[in-house]
Protein chains: 2
Amino acid sequence: MPPQPPHPSSAVPSPVGARPPTILDVARAVGVSKSTVSNVVRGTVGVTPETRARVLEAVSRLGYRPNVVARQLVLQRTNVLGIVVGDLANPFYAEMAKLIERCAAAEGFRVMFCNTEVADEIDITGLESLVEHRVAGVVFLSYLAGSERARQLVDGHMPAVFVTCHADWGDVVAGDDRHGAWLATEHLLSLGHRRIAYFADPIAEDPADRERQSSFVATMRRAELRPVVLRRASAPGRVMRDGKEATFAEVLRGMDRLTAIFAANDLTAVEVLDAADRLGIPVPEQLSVVGFDDLMLARLARINLTTIAQPKATLARLAVQTIAARIRGEMTGARVRQIVDFTLVVRGSTAAPAD
Amino acid sequence: MPPQPPHPSSAVPSPVGARPPTILDVARAVGVSKSTVSNVVRGTVGVTPETRARVLEAVSRLGYRPNVVARQLVLQRTNVLGIVVGDLANPFYAEMAKLIERCAAAEGFRVMFCNTEVADEIDITGLESLVEHRVAGVVFLSYLAGSERARQLVDGHMPAVFVTCHADWGDVVAGDDRHGAWLATEHLLSLGHRRIAYFADPIAEDPADRERQSSFVATMRRAELRPVVLRRASAPGRVMRDGKEATFAEVLRGMDRLTAIFAANDLTAVEVLDAADRLGIPVPEQLSVVGFDDLMLARLARINLTTIAQPKATLARLAVQTIAARIRGEMTGARVRQIVDFTLVVRGSTAAPAD
DNA sequence: TTGAAAGCGCTAACAT
DNA sequence: ATGTTAGCGCTTTCAA
């Protein structure tokens, strides 16, 4: 669409006026040296109240704002954190991104986002750009192990923290996925379910997903039950079971006669709810569903999903505190794994099986 | 929670090694001058293929990456866009943020987010920080008119574009809220509804909300019907009607005997669905609901919300193209308003009224 | 085709 | 208490 005619009341917008005043402009206006202005601006001691007042007056009169770029160059460090996130449109990452931005601001850091899926070995231009901007550290909200190029770029150059994901070359802040999956599976078992399937995340089968899956399998085996693992097939409404494609209906009603499904995350769980609705299978009467993440969406009356809640605010806080401590050099030595607890949130999508 | 003991296999992480190589390191390694390296790195003409090859070899051997901070200082401009967003946890903003980040990357810009609610005259430290970082331009995803301080900070210093929000001092890329509201209201009218209410956004009653509301009122008046306007009260399940507080049930079943509600946005619409569900009022049989935005969540089978779709990808693209053109000086002169079309998406939350 | 040198705006050590 | 000065890493004339 071509630009519309100008708005009636429009003025010429910001001719992106003369360059913003520098510290030298202020110094000249007051009749002092750059250093004095610098000292006032940075709030260091040793400036006469009277000089300080004159400087501050000029600062506000000229609208002076320190040029962070110049400061960063001379200080050899930035106050910018790089945030690598796989998909901001995924509410889980969006919530985490917001929390991290808030915590970072509280610690005096700005954030630069990069929506590149680091899974992609090919396109890590986003990360490269972050590194070229000399971000003080990188927070990975998603990271697929074995991204050697990503590691080369960051490791040894700046601190990295992995939040709800894992790598062996940086600090990790994550939940205990094995425990979470155990909570979910145990909840279903204690309700009396025996024929339970795990529905893997069709998008990113990352280490977290694999942990959840293997913990589900182990828990089922311990109960002497046969674990079934499903994943979405190419076509909607179709799933893969043991490498063989089938319809959702076949799996649910067929030989497995499933009474419960534990989904890798809430988004996947909602897909399961949708499929069940379409097939006329009532939840939770005929099918119990458990999700993972406790997205806002799981709380909606119409969804009302039993799920495993991640303490997002805690994860974000720990991640930012950790990387801030590394950046400030307050924390040195071996990398650290901080594991937070998941909790089971029982809502309306689970009940005792009918048979 | 205190840091856990180090991971068994942990090595000391990135001692944040020696400073990254500079252009001078490369120059010395090859035995040429800084300028030559600079010319090679930036791909300018006039370098012997042979020298170029030797420089590139050293670049990759030393792992040299240009320092964008230094480049920005000398060039007197950055390739960073500031994005001001009210609430990243709101899926609409999250989706827009993602799209804008993607478009910006395609145009060669990085983005720096700032989750400050610009409504807040008090806390615009986020915007201040963006300005101090000398971002090349600011994209406002939410802006409440009258934020004089925000205007002071940005106007006249760098280009600004307002996406799905409005201000009279920058370019605007938005949908036609009046038309969208007309589409929604007309849809309900054509289904036969006569007693329809508008449910205002309880959070941010911004200009877009007011446009939708006044268009709803005008459309109703044109049909010689009485427009009802509701907004959420302090307590859940309670609403304000004409300044008087009432329960949702009273409003729906009481004197207004509403058969349809047009909500300011999808999130508000979902609140209405929740309330109706709790009251045992079937949707759409007893109550039709229309939302606005077409969030991913509106598509879920369990929500299945009739709504007005914003062309988010188009909005993001136009916004980034516009600000990029301003930054590059390709676009000068009066500010521009680009208005995109909304479309009605009919789903299962609307039907003809029962009576 | 390549090199030397100035300078972007700021901080910090040192001098006054 | 304030001023002087030397860079931070890079781009960009201008010379060679």
Side-chain angles (χ1 to χ4, degrees), chain A residues 18-56 58-59 62-80 108 129 131-136 157-158, chain B residues 16 18-56 58-59 62-80 129 131-136 157-158:
Chain A
R19 290 217 314 275
T22 74
I23 202 170
L24 194 58
D25 295 322
V26 178
R28 276 199 282 252
V30 184
V32 296
S33 74
K34 290 195 303 175
S35 326
T36 302
V37 178
S38 177
N39 287 334
V40 170
V41 169
R42 288 172 309 136
T44 59
V45 293
V47 183
T48 301
E50 195 254 342
T51 341
R52 169 184 303 278
R54 280 167 53 222
V55 169
L56 289 178
V59 161
L62 298 178
Y64 168 77
R65 305 211 65 85
N67 184 333
V68 174
V69 176
R71 177 180 289 168
Q72 285 173 340
L73 181 61
V74 65
L75 254 29
Q76 295 282 70
R77 66 187 144 80
T78 69
N79 66 335
V80 180
S129 170
V131 172
E132 290 179 357
H133 276 88
R134 299 293 191 267
V135 292
H157 301 298
M158 56 196 73
Chain B
V16 181
R19 288 220 312 277
T22 74
I23 202 170
L24 193 57
D25 296 321
V26 178
R28 277 199 281 251
V30 185
V32 295
S33 74
K34 290 195 303 175
S35 326
T36 302
V37 178
S38 177
N39 288 333
V40 170
V41 169
R42 288 171 310 136
T44 59
V45 292
V47 184
T48 300
E50 195 254 344
T51 1
R52 168 183 305 277
R54 279 167 53 221
V55 169
L56 288 178
V59 162
L62 299 177
Y64 169 77
R65 305 210 64 85
N67 183 333
V68 175
V69 176
R71 177 179 288 167
Q72 285 173 341
L73 181 61
V74 65
L75 254 31
Q76 295 282 73
R77 65 187 145 81
T78 68
N79 66 335
V80 179
S129 169
V131 172
E132 290 180 357
H133 276 88
R134 299 293 192 267
V135 292
H157 300 299
M158 56 195 72

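Basis for what follows: all heavy atoms, side chains included, without hydrogens, waters or symmetry-related copies. Chain letters run A, B, ... following the sequence lines, proteins first, then strands; residues in each count from 1.
Here the P atom of nucleotide D/dA1 and the CG atom of A/Asn39 are 11 Å apart, to the nearest Å. In this entry the distance linking CG of A/Leu73 with C1' of C/dG7 reads 12 Å, nearest Å. A/Arg77 places its CZ atom 16 Å from the C1' atom of D/dG7, with the value rounded to the nearest Å. Rounded to whole angstrom, the span from the NZ atom of A/Lys34 across to the P atom of C/dA12 amounts to 13 Å. Whole-Å rounding puts the B/Glu132 CD to C/dG9 P distance at 16 Å. Atom P of nucleotide D/dG7 and atom CG of B/Asn67 are separated by 18 Å, given to the nearest angstrom. In this structure, A/Leu75 atom CG and C/dA13 atom C1' are separated by 14 Å, rounded to whole Å. Spacing between atom CG of A/Asp25 and atom P of C/dC8 amounts to 11 Å, rounded to whole angstrom units.
In terms of polar N and O atoms assigned as donor or acceptor, the side chain of B/Thr36 never comes within less than 3.5 Å of the base of C/dT1 in a complementary pairing. Between the side chain of A/Ser38 and the base of C/dA12, no donor-acceptor pair under 3.5 Å is found.
At C/dT11, none of the side-chain N or O atoms of A/Gln76 fall inside 4.0 Å of OP1 or OP2 (strictly under the cut-off).
Residue A/Arg19 places its side chain closer to C/dG9 than to any other of C/dG9, C/dA12, C/dG3.
Mapping B/Ser33 and A/Arg71 onto DNA chain C via the closest heavy atom, the residue that lands nearer the 5' end is B/Ser33.
Environment of CZ in B/Arg77: sparse, with no more than 12 heavy atoms of neighbouring residues, nucleotides or ligands closer than 6.0 Å.
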